[in-house]
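Let me begin by presenting the structure, written as structure tokens, before commenting on it.
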Number of protein chains: 2
Amino acid sequence: MIKLIKPTKVFKALADDTRLRIVNLFLKERSLCVCEIVDALRIPQYQISKHLSVLRNAGLLDFEKRGTWAYYFIKIDEPLNRILFSFLGKYLKNEIFQQDIMALENRLILRENGKCIVGLVSQGELLKMIKEKAGQVL
Amino acid sequence: MIKLIKPTKVFKALADDTRLRIVNLFLKERSLCVCEIVDALRIPQYQISKHLSVLRNAGLLDFEKRGTWAYYFIKIDEPLNRILFSFLGKYLKNEIFQQDIMALENRLILRENGKCIVGLVSQGELLKMIKEKAGQVL
DNA sequence: TATCTATATGCACATACAGGCATGTATTAT
DNA sequence: ATAATACATGCCTGTATGTGCATATAGATA
């Protein structure tokens, strides 16, 4: 059974600063686990979970569980979503969106084989872990 | 001074059934007076006025007064708006949006030289006036 | 088994906002 | 000058929703 989404529902989902910041992250990396989003945006985990649920309910995201981890991903399979995300890519250019992308890029350095392997990481720990990682590479 | 529009503000403006129906009308006819919108959607004038104000405040519409009449028009001059409206054209395809367009087309028959020359018109009157108009054309 | 850990959710509170009604304002018509 | 018309706006009310806090759930680990 196909779930019909009302346009209003989609726009309601996008009508929130935090949710736009979340969507912005997915434009950079189309699959993210919850803790990566929490660390990149520095917003409480329970808020992120709720916002992800709204975005999923609007048909913009879907998710998949792997153990305790939950990977959310954008539904670019739907043609209209593709157009919408393409628009958002041009639209979300404010400073904060770019800062979020930079924070995410740092966080993604901790991935192994393209998968998140750590949980929530504080700002300070993140820097330490990135340095260690750099040491391993050398 | 250029007014900066926050993305959230735009999506909030679009996150309402009535406002989406209004925008839909402008995708068909890019300049409309308030009474034409009221008649096409059959929604109280004070509601339409408020919604138009929200859309204008979000940078999607602008308006121009001609006597007591107020003509609102979509701001397609802004590149991002153009993309957004193009998306909406593909997105607003539900039955109600099509019905609204049909109602608007009927109402636009009453225009003279491309301008609205009547005020609020009831359903019944509209039909009568359209018939008269058809008579004139013959 | 017991304990972390990653994520989700229920509840309380405050705020935002759409709808309804009445009324205000400004322009036109008589 | 008065009335009618086109549109805007202020106030009230109910509902929806974002935030914060606490807690639940479920999988991983020791």
Side-chain angles (χ1 to χ4, degrees), chain A residues 6 8-23 31-58 61-73 107 110-111 115-122 125, chain B residues 6 8-23 31-58 61-73 107 110-111 115-122 125:
Chain A
K6 275 183 61 183
T8 311
K9 197 166 190 174
V10 172
F11 289 120
K12 272 186 195 295
L14 296 174
D16 177 88
D17 285 321
T18 305
R19 285 197 292 269
L20 278 186
R21 290 176 67 193
I22 292 175
V23 169
S31 177
L32 292 168
C33 88
V34 179
C35 60
E36 289 171 332
I37 301 172
V38 171
D39 282 352
L41 303 188
R42 309 207 163 275
I43 286 176
Q45 173 267 322
Y46 60 82
Q47 268 190 45
I48 298 294
S49 274
K50 285 176 184 173
H51 285 307
L52 285 172
S53 157
V54 172
L55 290 168
R56 190 166 68 86
N57 225 273
L61 301 180
D62 204 346
F63 82 120
E64 187 183 29
K65 289 216 106 181
R66 291 188 201 151
T68 40
W69 271 259
Y71 282 86
Y72 283 77
F73 52 90
R107 184 54 165 75
L110 299 186
R111 283 189 173 186
K115 299 296 163 201
C116 177
I117 53 147
V118 297
L120 295 174
V121 176
S122 74
E125 264 182 288
Chain B
K6 272 183 61 184
T8 312
K9 198 167 191 175
V10 173
F11 289 120
K12 273 184 195 296
L14 296 174
D16 176 88
D17 285 320
T18 304
R19 285 197 291 271
L20 278 186
R21 290 177 67 194
I22 292 176
V23 168
S31 177
L32 292 168
C33 88
V34 179
C35 60
E36 289 172 332
I37 301 171
V38 171
D39 282 352
L41 303 188
R42 310 207 163 274
I43 286 175
Q45 172 268 321
Y46 60 82
Q47 267 190 47
I48 299 292
S49 274
K50 285 177 186 174
H51 285 309
L52 286 172
S53 157
V54 173
L55 290 168
R56 189 166 69 85
N57 226 273
L61 300 181
D62 205 346
F63 82 121
E64 186 184 28
K65 288 218 106 182
R66 291 186 203 153
T68 39
W69 271 259
Y71 281 84
Y72 283 76
F73 52 91
R107 184 53 165 77
L110 300 186
R111 283 190 174 187
K115 300 296 163 202
C116 177
I117 53 148
V118 297
L120 295 175
V121 176
S122 75
E125 266 182 288

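Below, read A as the first sequence line, B as the second, and so on, with proteins coming before strands; counting in each chain starts at 1. Heavy atoms only: backbone and side chains are in, while hydrogens, waters and symmetry mates are out. Keep in mind that this is a model prediction, so the values were computed, not measured.
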First contact, last contact: which nucleotides of DNA chain D are these for chain A, 5' to 3', heavy-atom distance under 4.0 Å?
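From 5' to 3', the first and last contacting nucleotides are dT17(D) to dA28(D).
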List for me each residue that meets side chain to side chain contact (heavy atoms under 4.5 Å, CB included) alongside Lys12(A), sequence neighbours excluded, and say none if there are none.
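Counting only residues at least two positions away or on another chain, Lys12(A) forms a side chain to side chain contact (heavy atoms under 4.5 Å, CB included) with Thr8(A), Ala15(B).
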Residues forming a side chain to side chain contact (heavy atoms under 4.5 Å, CB included) with Ser49(A), sequence neighbours excluded
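Side chain to side chain contact (heavy atoms under 4.5 Å, CB included) list for Ser49(A), sorted by chain: Val34(A), Gln45(A).
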Is the backbone N or O of Leu14(A) less than 3.5 Å from a side-chain atom of Arg19(A), with the two atoms forming a donor-acceptor pair by type?
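No.
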N/O donor to acceptor pairs below 3.5 angstrom from side-chain atoms of residues 66-73 of chain A, sequence neighbours left out:
from: Arg66(A); atom 1: NH2; to: Glu64(A); atom 2: OE1; distance (Å): 3.4
from: Tyr71(A); atom 1: OH; to: Cys116(A); atom 2: N; distance (Å): 2.8
from: Tyr71(A); atom 1: OH; to: Cys116(A); atom 2: O; distance (Å): 3.4

Could you pull out the protein-nucleic contacts involving nucleotides 17-20 of chain C (nitrogen or oxygen on both sides, under 3.5 Å)?
from: dA18(C); atom 1: OP1; to: Arg19(B); atom 2: NH2; distance (Å): 2.8
from: dA18(C); atom 1: OP2; to: Arg19(B); atom 2: NH1; distance (Å): 3.4
from: dG19(C); atom 1: OP2; to: Gln47(B); atom 2: OE1; distance (Å): 3.4
from: dG19(C); atom 1: OP2; to: His51(B); atom 2: NE2; distance (Å): 2.7
from: dG20(C); atom 1: OP2; to: Gln47(B); atom 2: NE2; distance (Å): 2.4
from: dG20(C); atom 1: O6; to: Lys50(B); atom 2: NZ; distance (Å): 2.3

Who passes salt bridge (charged side-chain N to carboxylate O under 4.0 Å, His left out) against Asp17(B), sequence neighbours left out?
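Checked Asp17(B) against salt bridge (charged side-chain N to carboxylate O under 4.0 Å, His left out); matches are Lys6(A).
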Partner set under salt bridge (charged side-chain N to carboxylate O under 4.0 Å, His left out) for Arg21(B), not counting sequence neighbours
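Partners of Arg21(B) under the salt bridge (charged side-chain N to carboxylate O under 4.0 Å, His left out) test: Asp100(B).
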Between Phe63(B) and Leu52(B), does the side chain to side chain contact (heavy atoms under 4.5 Å, CB included) criterion hold? Intermediate values first, please.
CA-CA 9 Å; Phe63(B) 82 121; Leu52(B) 286 172; over 6 Å; no
Is Pro44(B) close to Gln47(B) at the side-chain level, that is, under 4.5 Å between some pair of heavy atoms?
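Yes, their side chains come closer than 4.5 Å.
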As a quick check of understanding, evaluate side chain to side chain contact (heavy atoms under 4.5 Å, CB included) for Leu120(B) and Asp39(B), giving each step before the final call.
CA-CA 7 Å; Leu120(B) 295 175; Asp39(B) 282 352; 3.9 Å; yes
For nucleotides 23-29 of chain C, list the nitrogen or oxygen atoms of the protein found under 3.5 Å from its nitrogen or oxygen atoms, one pair per line.
none

Using a 4.0 Å heavy-atom cut-off across all strands, classify Leu52(B) as base, sugar-phosphate, or nothing.
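Nothing, no heavy atom under 4.0 Å.
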Which atoms form the tightest heavy-atom contact between Val118(A) and Cys35(A), and what is the distance?
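Answer, listing the atom of Val118(A) first, then Cys35(A): O-SG, 3.4 Å.
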Would you tell me if any nitrogen or oxygen in the side chain of Tyr72(A) comes within less than 4.0 Å of OP1 or OP2 on dA6(C)?
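Indeed not, no polar side-chain atom of Tyr72(A) lies that close.
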Could you state the atom-to-atom distance from CD of Glu64(A) to P of dT7(C) in whole Å?
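Those two atoms, CD and P, are 13 Å apart.
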